[in-house]
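Along the sequence shown, residues carry numbers from 1.
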Amino acid sequence: MLPIAERMDRAGFLSMQAIALVQFDASVLFLNQDPFERIRLLRERITHTPMRGAVRSNLMRGFFPVADDISELFVERQIANGIRDIAVFDALMCSENLASSIGTARRLGAHVTLGLGYNIAPGYDDALYASKAREGVERFGVQAVALADAAGILTIERVRTLVPALKLAIGDNARLEFNTHCLTGLGPLLAIEAAVHGADSILTAVDPLANGNSLPASQMIARNLREVGFDVVVDDRLLDEVGDYLGALAEREGMPVGVPAEYEPSHYITQYAGGAMSNLESQLKLAGMMDRMPAVLEEIGRVRVELGSPIMVTPYPAIISAQAVMNVLNGERYKVVPDEVKKYVCGYFGELPLPVDANVKDRIIANGSKDVALIPPVIEPVLPGLRQRYKNIGDDELLLRYMYGDEKINALKPTPADDSYGLRHPVVDLVNGLAQRERKAQVAGSGFSLSAN
C-alpha cells in the first residue's frame, strides 16, 4: 500500500476506503500487525483525500451486538488515528443498531455515510429505502447516503426508480453515493445509469482490482461518465500508474486480479455479496468441497428466504452459508444449527424486517444449543471492566485486546514502513542478485591484481 499511497492521494478521489473489519482481521490474525498503525502510516502519505473506515453498526467484530461504549470507542479510535469519513451500515436496517456509532462519529466531526443495503424481498420497495434515507439525514444528521448493492443484484429498471426516490428523499441535504459489485456483469452499466438518474458519486476500484466480485473499474467509469457528459475530476494518468503498479504487484505475489463476469442470474437468488463470495470459494476449496459449490449455493438461496430474506451483507452471508453447508453435509436440513443462526432467529441482532418461517424457526430452536437463551440478554457496558483489567495501556491496545485477546496482541510486530517495493519476479531478482555478486567479485579481483602489480 505505502509505495502507491501518494499517487492514490493525488488521483482526485472524493474519499478512499482504507479500513473495515476485514482489514482489522487481516492485520492482526494473518500479518501480526497493528491495524491502527497501518492507518497512521497511510495517513502520513494520504494527506489530501479523506480516508474512510467502514463500521458494521453495533456488531464490531463479532456476529452479534456489543455494548454501546465499546462501539463508540471503536469509532473514536479510528478517527483518532486518521480516519475522517465513517461509513456505517446495518444489514437489518435497524435504526437502533446504528445510533451509537453514528452519534460518536458526528460528535467527533467525521463525515458520516449511511449505507442502505439493497435487497430483493417483499417490502423492500422504493418507499422503504426513501424513508430510511430521510431518517438518516433528519434524525442522525448523516452527510451522505449510499445505496449499497453488495451482491450486484440491482437491475437497470430498478435503478431508474430507486435512485431518483432516494435523491428526492434527501434533497440537497446529503450526497447520494452508489455502490454496486460486478458479480452479474452489470456493475459498470448500473453505475453509469445511477449517475444519470441522480447519484452524486460512484464507489469504484482501480483496475485490475475491479470487476468480478469487486467494484466497477475507476478508469472505465471515469471515461464512460465523460462520454455521457459528466465532468469527472480524476487524473487518468495517475489512475493508469496505480493500475500498472497493482497489476505488477498481483503478478509478483501470485495473487488474483479482477476479471469481468458473465451475466449470472443465480446471483439474484443467493444475493451473495462479492467479498463474501470470495471467502466462501476460498473456504470450500480449503475444505476440499469445491465440487459441492452448486449445492451449497442452491441451499443458500433456500435458507435465506426461510430466515426472512435478510440483506446479504456482513454478517449474514457467513451465517446463512454456515447453515447451508451444514444442511448439505448432513442431508437432513437444520439437524445441526450454528449458535449464530439460533441467536439470529431469537432476535439477538435486532428487530427482523421479515419473519422467519415458523416451521424452520421451531427446528432451529429445537436443534440449536441449549446454551443460547431464547430471550437475548441485556448488553451491559464493558469499558469499566476493561479499564480495570488493562491498566496503564492506551485505548488502541485496550480495544484490540478486547477484540482479539491477549495472545494475538502480544504477538504483534511493527508494521514495515518502507515505501519501496520490488515488483520483479523472484527468478529475476535471483538472477540480478547473482549478476551483482559476480560484478563485485570482478571488481575485487581487479583491485587485487592491480595491487599485486
Side-chain angles (χ1 to χ4, degrees), residues 1-13 16-20 22-35 37-46 49 51 181-183 187 203-222 234-261 274-286 290 411-440:
M1 297 180 184
L2 300 184
I4 203 66
E6 292 182 10
R7 274 176 284 180
M8 290 278 286
D9 188 26
R10 300 197 313 270
F13 290 112
M16 289 195 292
Q17 184 154 308
I19 197 159
V22 66
Q23 282 81 37
F24 273 87
D25 283 351
S27 298
V28 175
L29 301 179
F30 303 113
L31 300 175
N32 293 324
Q33 295 174 356
D34 180 345
E37 186 177 23
R38 291 160 67 88
I39 295 174
R40 292 192 297 271
L41 289 169
L42 287 171
R43 180 74 275 166
E44 291 172 3
R45 294 155 178 82
I46 300 173
T49 310
M51 294 199 306
H181 287 63
C182 301
L183 287 84
L203 197 65
T204 63
V206 179
D207 187 43
L209 299 189
N211 294 305
N213 292 344
S214 184
L215 304 163
S218 306
Q219 300 95 314
M220 182 180 64
I221 293 297
V234 292
D235 188 328
D236 296 69
R237 178 185 59 83
L238 282 175
L239 289 181
D240 289 339
E241 286 184 16
V242 173
D244 290 343
Y245 172 84
L246 294 173
L249 179 66
E251 182 178 3
R252 171 72 166 81
E253 296 293 320
M255 302 298 285
V257 297
V259 177
M277 182 65 77
S278 297
N279 290 339
L280 177 63
E281 291 169 354
S282 175
Q283 290 161 2
L284 290 180
K285 188 176 296 183
L286 286 173
M290 274 303 288
L412 296 186
K413 303 173 183 177
T415 303
D418 188 357
D419 281 9
S420 63
Y421 187 85
L423 290 175
R424 293 172 299 189
H425 191 276
V427 173
V428 177
D429 292 343
L430 176 62
V431 170
N432 287 341
L434 291 174
Q436 187 175 9
R437 286 179 58 190
E438 183 176 349
R439 286 193 296 273
K440 288 180 179 178

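Atom NZ of residue Lys413 and atom CD of residue Glu37 lie 13.0 Å apart, to the nearest 0.5 angstrom. Rounded to the nearest 0.5 Å, atoms CE (Met1) and CE (Met8) are 9.5 Å apart. The CG atom of Asp25 sits 9.5 Å away from the CD atom of Gln23 when rounded to the nearest 0.5 Å. Atom-to-atom distance recorded for Leu239:CG and Ile221:CD1 is 12.0 Å, nearest 0.5 angstrom. Rounding to the nearest 0.5 Å gives a distance of 8.0 Å between CG of Asp207 and CE of Met220. For the atom pair Asp235 CG and Glu241 CD, the distance stands at 8.0 Å (nearest 0.5 Å).
Proximity of a side-chain donor or acceptor of Thr204 to a complementary backbone N or O of Ala217 within less than 3.5 Å is not detected. Proximity of a side-chain donor or acceptor of Asp9 to a complementary backbone N or O of Thr49 within less than 3.5 Å is detected.
Counting non-hydrogen atoms of neighbouring residues, nucleotides and ligands closer than 6.0 angstrom, the CE atom of Met290 exceeds 12 such neighbours.
Closest approach of Pro216 and Cys182 over heavy atoms only: N-SG, 3.4 Å. Closest heavy-atom contact between Val234 and Ala222: CG2-CB, 3.8 Å. Closest of all the heavy-atom pairs between Ala210 and Ala205 is CB-O, 3.5 Å.
Checked against Asp419 for a side-chain contact (heavy atoms from CB on, under 4.5 Å), the options Leu41, Ile4, Leu2 give a single hit: Leu2.
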**OP:** For side-chain contact (heavy atoms from CB on, under 4.5 Å), just list the numbers for Val206 and Gln219, CA-CA rounded to whole Å, side-chain angles, deciding distance to a tenth of an Å, and then say yes or no.
**Re:** CA-CA 7 Å; Val206 179; Gln219 300 95 314; 3.7 Å; yes

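Side-chain atoms of Arg38 and Gln33 include a donor-acceptor pair closer than 3.5 Å.
Under the side chain to side chain contact (heavy atoms under 4.5 Å, CB included) criterion, Val28 pairs with Pro35, Tyr404, Lys408, Ile409, Leu412, sequence neighbours left out.
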